[in-house]
Amino acid sequence: MARAGTPLDDYTEQVLSAVEEIPVGWVMTYGDLAELVGGGPRQIGQVMARYGAAVPWWRVVRADGQPARGHEPRALERLAAEGAPLRRGRVELRLARYLPPPGRDAP
DNA sequence: TGCTTGACTTACG
DNA sequence: CCGTAAGCCAAGC
């Protein structure tokens with residue numbers, strides 16, 4: 001569903017939708033989102049930095065499982081509250097990495 | 001028009 | 001496991 005009033009680009013909408021779709025206690029990496037919606041990991045970060053406040057941004061972590069730069073404490077607190085498998089200050093991607101179901105995106 | 005920056009990744013030692 | 005280097009994509013100045 002489109003966010004009325006905010007004419008965001010399709011790419012931004014795709015990213016935000018994907019992030020909103022991450023279940024509680026699970027996470028996705030910037031690279032995974034980039035592979036999902038296209039572009040590069042940095043572009044995902046760009047969108048998150050601008051519109052991430054409207055989505056569960058703490059469920060988006062770096063490739064090594066560590067939360068976004070400058071948001072580590074807040075993200076870890078949220079993740080811990082959600083019951084995500086934390087290991088020494090970072091998320092255990094082995095257990096918490098979420099793979100979105102196919103069908104609603106480009107084949 | 002061209003360089004710098006950024007919620008990044010992978011490879012190497 | 002940790003630090004450094006190079007690569008990649010788009011926006012901003």
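Keep in mind that the numbers below use all heavy atoms, side chains included, and drop hydrogens, waters and symmetry copies. A quick note: this is a predicted structure, and the numbers were derived from the prediction, not measured. Just so it is clear: chains get the letters A, B, ... in the order the sequence lines come, proteins before strands, and each one is counted from 1.
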Nearest to the side chain of A/Gln43, heavy atoms from C-beta on, is which of C/dC2, B/dA7, C/dC9?
C/dC9

Distance between the P atoms of C/dA6 and B/dA7, in whole angstroms?
22 Å

Report yes or no: do A/Asp32 and A/Thr29 form a side-chain donor-acceptor pair below 3.5 Å?
yes

Under 4.0 Å, counting only non-hydrogen atoms across every strand here, what does A/Arg74 touch: a base, just sugar-phosphate, or nothing?
nothing

Starting at the 5' end of DNA chain C and moving along, which residue's nearest nucleotide shows up first, A/Arg50 or A/Gly39?
A/Gly39

How many Å lie between CD on A/Gln46 and P on C/dA10, as a whole number?
11 Å

Given C/dA11, B/dA7, B/dT10, which nucleotide is nearest the side-chain atoms of A/Ala63?
B/dT10

What integer distance in Å separates A/Asp64:CG from C/dG3:P?
12 Å

Would you mind reading off the distance between A/Arg97 atom CZ and B/dT9 atom C1', rounded to a whole angstrom?
12 Å

Rounded to the nearest 0.5 Å, what's the gap from CD on A/Gln66 to CG on A/Leu76? Could you check?
8.0 Å

Nearest-Å distance, CG (A/Leu16) to P (B/dA7)?
16 Å

Starting at CZ of A/Arg87 and ending at C1' of C/dC1, how long is that distance when rounded to a whole Å?
14 Å

Between B/dA7 (P) and A/Gln66 (CD): distance, integer Å
15 Å

Quick check for you: among C/dA11, B/dA7, B/dT10, whose closest atom lies nearest to any side-chain atom of A/Tyr30?
B/dA7

Answer whether the closest heavy-atom distance between the side chains of A/Ile22 and A/Pro56 falls below 4.5 Å.
no

So which nucleotide does C/dG3 pair with, by the Watson-Crick or G-U wobble rule with both distances under 3.5 Å?
B/dC12

Separation of B/dT10 P from A/Glu35 CD (nearest whole Å)
9 Å

Toward the 5' end of DNA chain C, by each residue's nearest nucleotide, A/Arg90 or A/Gly40:
A/Arg90

Please report the closest heavy-atom contact between A/Gly40 and A/Ala34, naming both atoms and the distance.
C-CB, 3.6 Å

Between C/dC9 atom C1' and A/Met48 atom CE, what is the distance in whole Å?
17 Å

Nearest atoms (heavy-atom pairs only) where A/Leu95 meets A/Trp26
O-CZ3, 3.7 Å

